[in-house]
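Here is the structure we will look at, set down as structure tokens.
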Protein chains: 2
Amino acid sequence: MAAMDAADQIRASGYRMTRQRQLVWDVLHGAERHLSADELLDAIRDHDPDLNLSSVYRTLALLVELGLAQEVRLGDAVSYWEPAHAQDEDHLICDTCGKVLHHPSELVDQIREHLRGHGFEAKDVKLVVHGQCPECGDRKVDSH
Amino acid sequence: MAAMDAADQIRASGYRMTRQRQLVWDVLHGAERHLSADELLDAIRDHDPDLNLSSVYRTLALLVELGLAQEVRLGDAVSYWEPAHAQDEDHLICDTCGKVLHHPSELVDQIREHLRGHGFEAKDVKLVVHGQCPECGDRKVDSH
DNA sequence: GTATATGCAAAGTCTTTGCATCGTT
DNA sequence: AACGATGCAAAGACTTTGCATATAC
């Protein structure tokens with residue numbers, strides 16, 4: 001059973017596969033960190049100078065509709081985007097180096113269970129943590 | 001030691017106390033849920049029809065500067081505002097009744113400790129959970 | 001060939017800012 | 001009286017939309 005790639009899934013859903021959609025998906029999928037629509041456009045223009053920002057937005061909306069991408073709001077005015085991973089509900093943002101980590105752990109499940117114990121049935125959990133990642137923390141001596 | 005109210009604190013910080021600032025503070029402080037700048041304005045206009053949206057924004061910025069209010073981003077385009085409580089780092093949003101609860105618990109501390117155990121020093125933790133609150137959950141029978 | 005996707009420009013939403021006037025100190 | 005705060009309108013940042021053209025199927 002060959003895995004369906006994004007192009008297949010787009011076509012299988014009755015949409016057309018275009019150069020622009022492929023570019024957006026490739027860059028989004030290959031990115032190490034979250035990108036805003038604008039940053040995505042910049043990155044794509046290295047490969048192909050002719051792509052419009054509105055196409056980026058329209059493609060992102062399509063990818064979200066198909067469950068291939070998701071929007072992330074980190075607390076700024078802009079939205080960031082990443083390939084969809086249901087488990088990536090937590091975002092650890094290092095304020096020193098700027099990296100955004102996903103914490104591959106049971107943390108979100110723990111939160112869910114904790115809340116269930118208090119009667120709140122959690123459907124969607126979003127955890128955004130600013131702080132200092134292990135690498136950056138190592139370089140800084142504790143204050144006392 | 002009499003507690004300093006918002007008006008005192010504004011004056012003590014060298015700012016002037018105005019009708020507009022008082023209104024914003026009163027409504028913000030008395031609100032049961034998070035309000036956007038626009039909603040805040042609507043609520044205030046019940047008391048006083050002459051208040052400009054830009055004054056609302058400017059007052060909110062001032063209150064944040066003084067540590068009296070804080071901005072909350074729940075995942076929409078708009079910002080919401082509430083009186084500052086360091087402990088209110090979690091927002092439980094009921095998708096059925098729309099209420100926003102603060103979970104008065106040790107949950108955020110647990111998250112912090114969990115992450116510390118993994119080497120990430122959390123400074124600012126934001127937890128936004130959509131789901132169903134105890135009251136609304138009770139009214140709905142489990143699917144099997 | 002036809003219907004969908006794109007590019008461009010215009011509009012929309014939320015927030016901020018410049019400037020003359022008003023109001024607190 | 002002086003200087004900070006307000007109202008108004010204009011501009012800014014980010015995103016969406018209308019429409020003619022281009023392109024995938």
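First the proteins, then the strands, lettered A, B, ... as listed; each starts at 1.
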Pairwise distance [atom1]([X]) to [atom2]([Y]) - rounded to 0.5 angstrom:
X        : Y        : atom1 : atom2 : result
B:Arg19  : B:Ile44  : CZ    : CD1   : 10.5 Å
B:Leu63  : B:Trp25  : CG    : CH2   : 6.5 Å
B:Ile93  : B:Leu101 : CD1   : CG    : 9.5 Å
B:Leu127 : B:Ile111 : CG    : CD1   : 5.0 Å
B:Leu23  : B:Leu28  : CG    : CG    : 12.0 Å

Check ring pair (Phe, Tyr, Trp, His ring centres under 6.0 Å) between [X] and all other residues, then give those that pass, not counting sequence neighbours.
X        : value
A:His130 : none
B:Trp81  : none
B:His47  : none

Side-chain donor-acceptor pair present, [X], [Y], cut-off under 3.5 Å:
X       : Y       : answer
B:Gln20 : B:Ser55 : no
B:Gln22 : B:Asp26 : yes
A:Asp38 : A:Ser36 : no
A:Tyr15 : A:Glu65 : yes
A:Arg21 : A:Thr59 : no

Counting only heavy atoms and a strict 4.0 angstrom limit, can you tell me which residues of [range] come near DNA chain D?
range                     : answer
residues 59-69 of chain B : none
residues 40-54 of chain B : B:Asp50, B:Leu51, B:Asn52, B:Ser54
residues 15-25 of chain A : A:Arg16, A:Met17

When the nearest nucleotide of DNA chain C is assigned to B:Ala37 and to B:Arg11 on a heavy-atom basis, which residue is associated with the more 5' position?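 Nearest nucleotide further toward 5': that of B:Ala37.
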
Closest nucleotide of DNA chain C for B:Ala77 versus for B:Arg58: which of these residues is on the 5' side?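 It is B:Ala77, whose closest nucleotide lies nearer the 5' terminus.
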
Axis-to-axis angle between the two ends of the helix from C:dG1-D:dC25 to C:dT25-D:dA1 (five base pairs per end, rounded to 10 degrees):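 Nearest ten degrees gives 30° for this helix.
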
Does atom CD (A:Glu113) have a neighbourhood of more than 12 heavy atoms from anything else shown, all under 6.0 Å?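 Count not over threshold, so no.
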
Polar-atom pairs under 3.5 Å, protein N or O versus N or O of nucleotides 10-12 of chain C: list them with distances, or write none.
none

What residues, two or more places apart in sequence or in another chain, satisfy side-chain contact (heavy atoms from CB on, under 4.5 Å) together with A:Glu121?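 Per chain and number, A:Glu121 pairs via side-chain contact (heavy atoms from CB on, under 4.5 Å) with A:Arg116, B:Gln132.
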
Partners passing salt bridge (charged side-chain N to carboxylate O under 4.0 Å, His left out) against B:Arg11 (at least two apart in sequence or in another chain):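 Per chain and number, B:Arg11 pairs via salt bridge (charged side-chain N to carboxylate O under 4.0 Å, His left out) with no residue.
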
Would you kindly give the CG-to-P distance between B:Leu74 and C:dC14, to the nearest whole Å?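 Checked: the CG to P distance equals 15 Å.
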
Where chain A begins and ends its contact with DNA chain D, read 5' to 3' at 4.0 Å from heavy atoms: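 Here the contact window of chain A covers D:dC14 to D:dC25.
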
Restricting to pairs with a member in residues 54-80 of chain A, which pass ring-ring contact (aromatic ring centres under 6.0 Å, His included), not counting sequence neighbours?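 As it turns out, there is no ring-ring contact (aromatic ring centres under 6.0 Å, His included) pair with a partner in residues 54-80 of chain A once direct neighbours are skipped.
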
Any donor-acceptor N/O pair, B:Gln9 side chain to B:Leu66 backbone, under 3.5 Å: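 Yes: the side chain of B:Gln9 pairs with the backbone of B:Leu66.
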
